[in-house]
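Encoded as structure tokens, the structure appears first; notes follow it.
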Amino acid sequence: MQRYSSAKSLCRKIIHHRPHHQIQLPITRRPCDVFINHRGTDTKRTIAGLLHDHLSRLRLNPFLDSKNMKPGDRLFDKIDTAIKHCKLGVAVFSPRYCESYFCLHELALIMESRKKVIPIFYDVKPSQLQVPDNGTCSRKELQRFSRALEEAKYTVGLTFDSINGDWSEFLTTATDAVINNLIEVDEESTANREPMGFLQNY
């Protein structure tokens, strides 16, 4: 309960950054705050889906393909646009993550866009993550994916064991990390006089 309250306190801190008249959300849907990069078969119904719902309840705007896309959407267009306009990436690494071309493509785009990234190692160690050379990717793509994966693996992140871990505590920890990083991104943007709009849109 105390950990959940800390997330709510951080959200109040975000709101207090802004004048009262800016608190109202716009009618049009704003770009996502957080892009959740994940392997759906491993995590859609567990950690990725729960994190998305947890962030949404705190009035953040996370992007998760299974939640934000509808029939008729162009896969690459929708995802690439969400990554381009997001403030922060969360990469949920799982045992079968590297088997997915889409996961690796998203990760590479996040890294190439120089977004801040929070890695979450879910039932997997960083040393176990390798881009497979199974003939489905070109040499150029293999190099691109490998660079992005290595950069993410050497970024400080969170780890979670789905069998022995405390789900409630982890979701609160992950949410706090997301909110703190969003505040940092906005403050850095404001300092550079190129506001990304997180505080204004929140």
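Values below: every heavy atom of this structure, side chains too, minus hydrogens, waters and symmetry copies.
- Annotation for Ala152 and Pro119: closest pair O-CG, 3.5 Å, computed over non-hydrogen atoms.
- Under the 4.0 Å criterion applied to side-chain N and carboxylate O atoms, Glu141 and Arg144 are not assigned as salt-bridge partners.
- Using a 4.0 Å cut-off between charged nitrogen and carboxylate oxygen, Glu112 and Arg147 do not count as a salt-bridge pair.
- A donor-acceptor distance shorter than 3.5 angstrom exists from the side chain of Lys153 to the backbone of Leu129, with no hydrogens or angles considered.
- No side-chain heavy atom of Phe121 sits under 4.5 Å from any side-chain heavy atom of Leu158.
- When the side-chain contact (heavy atoms from CB on, under 4.5 Å) test is applied to Ser113, the partners found at least two apart in sequence or on another chain are Ile83, Leu109, Lys115.
- Remark: side-chain polar atoms of Thr155 are paired, donor with acceptor, to backbone N or O of Glu151 under 3.5 angstrom.
- Taking every heavy atom of both residues into account, Leu104 and Cys98 meet most closely at CD1-O, 3.6 Å.
- Between the Asn180 side chain and the Asp176 main chain, a donor and an acceptor come within less than 3.5 Å of each other.
- Although no hydrogens or angles enter the test, the distance criterion places a donor-acceptor pair under 3.5 Å between the side chain of Arg114 and the main chain of Met111.
- Minimum heavy-atom separation, Leu64 to His52: CB-CD2, 3.6 Å.
- Asp33 contributes a side-chain N or O that, together with a main-chain N or O of Asn61, makes up a donor-acceptor pair within less than 3.5 Å.
- Taking the side chain as every heavy atom from C-beta outward, Leu149 and Phe93 approach each other to under 4.5 Å.
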Problem - side-chain contact (heavy atoms from CB on, under 4.5 Å) between Glu106 and Asp80, intermediate numbers included - result: CA-CA 8 Å; Glu106 291 171 6; Asp80 290 5; over 6 Å; no

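- The CD1 atom of Ile179 sits 12.5 Å away from atom CD of Glu184, with the distance rounded to the nearest 0.5 Å.
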Handout entry: Worked check of side-chain contact (heavy atoms from CB on, under 4.5 Å) between Lys116 and Leu182
Key = CA-CA 9 Å; Lys116 291 195 73 171; Leu182 284 172; over 6 Å; no

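- In summary, the side chains of Thr136 and Asn134 do present a donor paired with an acceptor at a separation below 3.5 Å, with no hydrogens or angles considered.
- To the nearest 0.5 angstrom, Ile47 atom CD1 is 5.0 Å from Ile120 atom CD1.
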Problem - Residue pair Val34, Asn181: steps toward the side-chain contact (heavy atoms from CB on, under 4.5 Å) verdict - result: CA-CA 10 Å; Val34 186; Asn181 275 274; over 6 Å; no

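- Between Tyr97 and Tyr122, the distance from one ring center to the other does not fall under 6.0 angstrom.
- With hydrogens and angles ignored, the 3.5 Å screen pairs no side-chain donor or acceptor of Ser189 with any backbone N or O of Val185.
- Taking CD of Gln143 as the reference point, atom OG of Ser138 lies at 8.5 Å (rounded to 0.5 Å).
- In this structure, Arg139 pairs ionically with Asp133, as a charged nitrogen and a carboxylate oxygen lie closer than 4.0 Å.
- Taking every heavy atom of both residues into account, Leu88 and Val178 meet most closely at CD2-O, 3.7 Å.
- Going from atom NE2 of His105 over to atom OG of Ser100 covers 10.5 Å, rounded to the nearest 0.5 Å.
- The minimum heavy-atom distance linking Pro62 with Ile36 is given by the pair CB-CD1, 4.3 Å.
- In this structure, Arg39 and Lys44 have side chains that are not in contact, with every pair of non-hydrogen atoms separated by 4.5 Å or more.
- A heavy-atom distance below 4.5 Å is found between the side chains of Lys78 and Phe63.
- Looking at residues two or more places apart in sequence or on another chain, you find a ring-ring contact (aromatic ring centres under 6.0 Å, His included) between Phe160 and Trp167, Phe170.
- Taking every heavy atom of both residues into account, Ser94 and Thr43 meet most closely at CB-CG2, 4.0 Å.
- Rounded to the nearest 0.5 Å, atoms CG (Asp42) and CD (Glu99) are 8.0 Å apart.
- The one candidate from Leu55, Leu51, Asn37, Val117 that meets the side chain to side chain contact (heavy atoms under 4.5 Å, CB included) condition with Val90 is Leu51.
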